[in-house]
Each structure stands twice: as C-alpha cells, then as structure tokens.
K.L.:
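Sharing a structure with you now.
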Amino acid sequence: MTPEQFQQAVLNWFDRHGRKDLPWQQDINPYRVWVSEIMLQQTQVAAVIPYFERFMASFPALEHLAAAPLDDVLAHWSGLGYYARARNLHKCAQKVVSDHCGEFPRDIEALAGLPGIGRSTAGAIASISMGLKGPILDGNVKRVLARLHAVDGWPGQAAVAKKLWQLAETYTPQSCDKNGRGNHYTQAMMDLGATLCTRTRPRCDECPLADSCIARTQGNPQDYPGRKPRKEKPVRTTTMLLLEHDGEIFLQQRPPSGIWGGLWCPPQLEEDDGGEASAQEWLAVRDLSAQQVQGLPQLRHTFTHFHLDIAPVWVQLAKIPAQVAESGGGWYKLRQLNRPRAAQELGLPAPIAKLAKQLLALQAPLLAESPAP
DNA sequence: AAGGCGGGGAT
DNA sequence: ATCCCAGCCTT
C-alpha cells in the first residue's frame, strides 16, 4: 500500500465516519489546537471536553493565558491530572509571548522545543492548524501502525518507537495545505484509533485499512502493540515449620512492623526453600526428634512487589518439647483454626489459613484411625 | 532506558 | 485488581 493509497483510504473514511464536531475542531487556530492537544495527553476525549470549554471561556486566546496567574490556570486544570501539563502550558504561553511575538513558531522543531510540547504534539499542532507536514505518534496512531505492519514489541522500546515513527513519517501527507488535507489526515488517524482500531475488540470489519493490515490477516490484532513488560517480581523463599502435636500446631506472633505485622505464623526459615532437609537441620540443632517429617507442596503467595514461595514442612512431634513450649507463641487446634472466621479473628495471613486447612485434611484421617482417649 | 505524573474508564 | 489512555520531562 503506497502512502497515497493509504492517505486516500483514511481520508475517505474520515469524510464518512470521522468526528468533526469536537469543540477543538471548531474555530481552529494554533492556540485552541495546542490547548486541546495538551489536555488530551493521556486523557480521554470525554473527560477533556468540559475542561476545554471552561478553559476557552476564561482564556480565549494566548495573551489571556500568558497574563493569567498560574494559580488561576491550575484551578482550571483541577481534576484533569498530570498538573505539570498546566504549569508547562502557562510557561509555554509566556514563552511564546516573550520569544515569538505571541505567535507559535511555524516549525516542528521549534514547537517541540517549547515547554510541554513533544514531537507528537508538535506534529499535531503543525498539521491541524498550520498546514505543515506534521507526523504524529500518539497511542492511537501507534496502535493503527503497529497492527498494519505487525510491528512487534513494546513502543516504549527505542527500536520499536523508531520503527513506528518511521512509518508515521512515511504515511503522513507531504503537503498539508488545502489540497493535501493534512489536518484531516491527522484527525482521521486519531479517530481511527479511538473508534475502530481500539485496544480490545477492534472493529476490523469497518476499517478502511483491513485489507492491508497484517495483524488482521494474522488474526491477532489484539496482540499489537506489544504490552509493556511487567516488571519481574522477585521471588523470596521460605520454609515454614508446621510443628504439630495431637491436632495442634505452633504459631508465633510476628513483629508489629513488616510483612504480616502482628499476625500469627508458624516458625519460619527466611530465604530458605530447603523444605524437609532444612526442617531436619532445624530440629537437629535443637536436639529435637520428630515422629515424622514430611514436606508439603510448595505454596506461592504474591505481594505487591514480590512473590513468596513457601515450602511447608509437616513435623509431627510425639510430645511438646520444652524448648518450643517456652519460645513465645502458642499451640492452636487445627480444627479451631479452620472454623469460619477464625483466621480473621486470630489474625492469620491468608496463606497460613490455607496451610492450616491442608494440614487438617492430612491429619484428620490419622486422628480418626486412633481416636483420642 | 526507566520512572514519575493522575484521574478515569474498560475489562 | 490491572491495564491503558490524543505524552512529556527528568534522571
């Protein structure tokens, strides 16, 4: 698909289906387009509309904004988020007044040098309001182009961004004057991404680019653009000793601060997943002997910032050793720990409650075989 | 290259 | 809950 064919398809679609009634699409000038583009950074159209209307009512032109107190500008931004945008907006207005005689420079590079205006926003302002060639690469265009060419990878990666920018440059009309319709092209690309080429459930049947879209052909448009790689959560490991005697297990209260502060847990070997072997060593050091030591299936509990892999070991004791009895903590009946609400009442971390349940299931049949006297 | 900024909507 | 959004700036 040549750039000319691409542009024609996009513009034809825009003429029939594009949005043309948004507030910033009326009375188009660089000031209004600039304000709208800044507001639309990381913010959806529906949220922006009332803010844009109020903003224009109070600051109808650049000189009003430049002359306004920053606090006044921030008040108009309240609730939109990303408040650095408002500070930059104000700073930019003053800079345009002081350095550019109150007119935005008609040049992509110069625009992109102003506070709060990056490469994409500069392209949007230039193409929509100035008749210049202004490639843009916002989230919508990234999605359309990544799917059209099946560009793998996360756009946050420099190489992926470079490829997408190259495509954006290629397809953007050379001439953005009346004949080139660069303003409509830019509006159309954003509209396409916002209304058809959506992140989930793209409406490919209605897309003017469907026949050329590689992701569509592959049948996996939803896989583009690649997701930001989730930061790998580190894995911590621990061995938990389920010291059990006669249907009771031993729990200690954890220190008031830190993970599970103040909650009750079995004795724990930190940064250890030796499981059964570690448990044997722990017992030997204390000169304890157990009837049976049995590793149980590993359990993973995920916190906000790490995984905790728990290797539980079931240690059956013939009698309660003095060393353990006096070590601070208490013995709890598994049946009581497994009562409804018991975990909340006593203060048991979720994975510990789960372990208590598992252990009861293992141990109950044994008690049934040899009922207590 | 990665993180921060922020509120809201979709899933 | 998690991810993402008409991004840009700083480190």
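These numbers come from the heavy atoms of this one structure, side chains and all, not from hydrogens, waters or symmetry mates. Reminder, nothing fancy here: chain letters follow the sequence lines and each chain counts from 1.
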K.L.:
Given side chains that start at C-beta, do those of A:W77 and A:Y51 come closer than 4.5 Å, heavy atoms only?
P.N.:
no
K.L.:
Using whole Å, report how far CG of A:N88 lies from P of B:dG6.
P.N.:
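Interatomic distance, CG of A:N88 to P of B:dG6: 11 Å.
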K.L.:
Between B:dA2, C:dC5, B:dG7, spot the one nearest the side chain of A:Y83, thanks.
P.N.:
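So the side chain of A:Y83 is nearest to B:dG7.
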K.L.:
Establish, from distance only, whether the side-chain atoms of A:Q218 and A:Y224 form a donor-acceptor pair under 3.5 Å.
P.N.:
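There is such a pair (donor and acceptor under 3.5 Å, judged by atom type) between the side chains of A:Q218 and A:Y224.
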K.L.:
Name the nucleic acid region contacted by A:G79, choosing base, sugar-phosphate or nothing; use a 4.0 angstrom heavy-atom cut-off, strictly under.
P.N.:
sugar-phosphate
K.L.:
Return the value, rounded to whole Å, for the distance between atom CE of A:M190 and atom P of C:dC5.
P.N.:
15 Å
K.L.:
Considering every strand and a 4.0 Å limit on heavy-atom distances, what is the contact class for A:L22: base, sugar-phosphate, or nothing?
P.N.:
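Base contact.
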K.L.:
Checking contacts here: which listed nucleotide (C:dC5, B:dG6, C:dG7) is nearest the side-chain heavy atoms of A:D138?
P.N.:
C:dG7
K.L.:
Of A:Y82 and A:T200, whose nearest nucleotide on DNA chain B comes first from the 5' end?
P.N.:
A:Y82
K.L.:
How many Å lie between CG on A:L74 and P on B:dC5, as a whole number?
P.N.:
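About 16 Å, once rounded to whole Å.
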K.L.:
With a 4.0 Å cutoff (strictly under), does any side-chain N or O of A:R201 reach OP1 or OP2 of B:dT11?
P.N.:
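Yes, because at least one side-chain N or O of A:R201 sits under 4.0 Å from OP1 or OP2 of B:dT11.
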K.L.:
Name the residue closer to the 5' end of DNA chain C, choosing between A:G113 and A:T43 according to the nucleotide with the nearest heavy atom.
P.N.:
A:T43
K.L.:
Within less than 4.0 Å of OP1 or OP2 of C:dG7, is there a side-chain N or O belonging to A:S120?
P.N.:
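Answer no for this pair, as no side-chain N or O of A:S120 is under 4.0 Å from OP1 or OP2.
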K.L.:
For A:A158, report the nucleic acid contact type (base, sugar-phosphate, nothing); a contact means any heavy atom under 4.0 Å.
P.N.:
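Since only primed, P, OP1 and OP2 atoms lie under 4.0 Å of A:A158, the category is sugar-phosphate.
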K.L.:
For A:R216, run the salt bridge (Lys or Arg N to Asp or Glu O under 4.0 Å) check against A:D205, A:D223, A:D211 and tell me which one passes.
P.N.:
A:D205
K.L.:
Suppose you measure atom P in C:dC4 against the same atom in B:dG3; what distance do you get, rounded to whole Å?
P.N.:
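So the two P atoms sit 15 Å from each other.
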K.L.:
Partners of A:H76 by ring-ring contact (aromatic ring centres under 6.0 Å, His included), sequence neighbours excluded?
P.N.:
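ring-ring contact (aromatic ring centres under 6.0 Å, His included) list for A:H76, sorted by chain: A:F59.
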K.L.:
In whole angstrom, what separates A:L137's CG from C:dC8's P?
P.N.:
10 Å
K.L.:
Sticking with atom P, work out how far B:dG8 lies from C:dC8, rounded to a whole angstrom.
P.N.:
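Pairwise P distance, B:dG8 against C:dC8, rounds to 22 Å.
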K.L.:
Ignoring the backbone of A:Q41, work out which of B:dA2, C:dC5, C:dG7 is nearest its side chain.
P.N.:
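My answer, after comparing the listed nucleotides, is C:dG7.
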K.L.:
Think A:R85 has a side-chain N or O under 4.0 angstrom from the OP1 or OP2 of C:dC9?
P.N.:
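No, outside the criterion.
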K.L.:
Evaluate the side chain to side chain donor-acceptor pair (under 3.5 Å) criterion for residues A:E103 and A:Y31: first the C-alpha distance (whole Å), next the side-chain angles of each, then the deciding distance (0.1 Å), finally the verdict.
P.N.:
CA-CA 9 Å; A:E103 298 281 344; A:Y31 173 70; over 6 Å; no
K.L.:
Could you check A:P115 against A:Q187 and say which one's nearest nucleotide on DNA chain C is further toward the 5' end?
P.N.:
A:Q187
K.L.:
With respect to the phosphate group of C:dG7, does any side-chain polar atom (N or O) of A:Q42 fall under 4.0 Å of OP1 or OP2?
P.N.:
yes
K.L.:
So does A:R181 pair up with A:D15, basic N to acidic O under 4.0 Å?
P.N.:
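Yes.
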K.L.:
Report yes if a side-chain nitrogen or oxygen of A:T121 is closer than 4.0 Å to either non-bridging phosphate oxygen (OP1 or OP2) of C:dC8; otherwise report no.
P.N.:
yes
K.L.:
What does A:W24 touch in the nucleic acid at a heavy-atom separation under 4.0 angstrom: a base, only the sugar-phosphate, or nothing?
P.N.:
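The answer is base, as A:W24 lies within the cut-off (heavy atoms under 4.0 Å) of a base atom.
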K.L.:
Does OP1 or OP2 of C:dC4 have a side-chain N or O of A:R227 closer than 4.0 Å?
P.N.:
yes
K.L.:
Using a heavy-atom cut-off of 4.0 Å across all strands, would you classify A:L80 as base, sugar-phosphate, or nothing?
P.N.:
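A:L80: base contact, heavy atoms under 4.0 Å.
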